[in-house]
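Read through the structure below, which is laid out as structure tokens, and then see the notes.
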Amino acid sequence: MAQVTITINSREYAVACEDGQELRIMQLARILDEKASALTEDATQQVNENMLLAMVGLVLADELTEIKKNPAAVSAPMPDLSQIDTSLAAQIKVLNEKLNLLANELNLK
């Protein structure tokens, strides 16, 4: 059994999941975090964590209900976040290589 640390509303949670499901759990956590951020960005007061959870659940339940009523209304599929992660990893690798080259040049001087 794997364990993933997710962040929702600036709070970290350790979540157990099946091996191989770590990326999916992190993708789902990003959705929850985005919903929580959207609900709290205009809040004038600190929102109780339990209340925030209930509000996020209501928002997601409402979206799901609307999709079930009219599946054709879903205009764009969700982006494949694994492709985004792969792209970011490739960019980080390139930047790391450039930084190593620069560090080597500085060490020679």
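For clarity, every value in this text was computed on a predicted model and none was experimentally measured.
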| Do you know which two heavy atoms are closest between Asn48 and Asn50, and how far apart they sit? | OD1-N, 2.6 Å
| request: Nearest 0.5 Å please: distance from the CG atom of Leu28 over to the CD1 atom of Ile6. | output: 9.0 Å
Output a table of donor-acceptor pairs, distance under 3.5 Å, between side-chain atoms of residues 51-64 and any protein atom two or more places apart or on a different chain; print 'none' if there are none.
from: Glu63; atom 1: OE1; to: Lys35; atom 2: NZ; distance (Å): 3.2
from: Glu63; atom 1: OE2; to: Lys35; atom 2: NZ; distance (Å): 2.5

Would you be so kind as to tabulate the donor-acceptor pairs closer than 3.5 Å made by side chains of residues 8-23, with sequence neighbours excluded?
from: Arg11; atom 1: NH1; to: Glu49; atom 2: OE1; distance (Å): 2.2
from: Tyr13; atom 1: OH; to: Glu49; atom 2: OE2; distance (Å): 2.5
from: Asp19; atom 1: OD1; to: Ala2; atom 2: N; distance (Å): 3.1
from: Glu22; atom 1: OE1; to: Gly20; atom 2: N; distance (Å): 3.0

| query | Just how far is it from atom CD of Glu97 to atom CD1 of Ile92, taken to the nearest 0.5 Å? | reply | 12.5 Å
